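Structure first, commentary second.
Order of listing sets the numbers, starting from 1, for every ligand and every atom in it. Atoms considered below: every heavy atom in the structure, side chains included; atoms not considered: hydrogens, waters and symmetry mates. Everything numeric here is computed off the predicted structure, so don't read it as measured data.
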Amino acid sequence: MDFLFSPWRYRYLTEARTPAGQAADGCVLCAQLAAGDDRQALVVYRGRLAAVMLNRYPYTVGHLMVLPYAHCATLRTCGAEARHEIMELAAQGEAALEAEYHPEGLNVGVNLGAAAGAGIAGHLHLHVVPRWMGDANFISVVGETRVLPERLEDTYGRLERAFAALQPASGKV
Ligand SMILES: [Zn+2]
């Protein structure tokens, strides 16, 4: 595999980048967070300052993104509280994915800036990607071809329930 976090950007690069640049009003992630229908927008969990959503063009089944509600491009500008919550939600994502999909490993990472591979460079998002031995051997050669053994709406249902099950009775993250 050539670049750890590059394969999932292909579709977003062509579909999500707007001529207007990185303004929040052209941001596909802001639009998903504000859509009102979380199932439609693939938002599986909402925290206080950050949310978890499915990647619409998953690299593997269960590919999650954790992102702040605020449209901020970098770790340093999104604020300490949001940074903390993003990492807490990533930990919940790890637990939810392990409970539902039993992956052999996970990639957790952020691409900051288009040069680093960020498809949507204006809105910080942390990828949490379950991995299995050999899952990238074919994909890395073919590029955009991905093997998706499950429909997104099924993934949504599984991970929405898994996140709900992780919340303490006293309240959420
Ligand atoms: Zn945004």
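Side chains of Y156 and E150: a donor-acceptor N/O pair is absent below 3.5 angstrom, by distance only.
The neighbour count for E153 CD, taken as heavy atoms of other residues, nucleotides or ligands under 6.0 Å away, is above 12.
In this structure, H71 and H123 have perpendicular ring planes: the angle between them is above 60°, well past the 30° mark.
Nearest N/O/S atom of H71 relative to the Zn ion (ligand 1): this is ND1. The atom name of the N/O/S atom in H123 closest to the Zn ion (ligand 1) is ND1.
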Please report the C-alpha distance between Q92 and Q167 in whole Å, then the side-chain angles of each, then the deciding distance to 0.1 Å, and finally whether the side-chain hydrogen bond (donor to acceptor under 3.5 Å, both in side chains) criterion is met. CA-CA 9 Å; Q92 290 195 6; Q167 304 316 309; 2.7 Å; yes
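The Zn ion (ligand 1) lies at the vertex of an angle of 120° between the SG atom of C27 and the SG atom of C30 (rounded to 10°).
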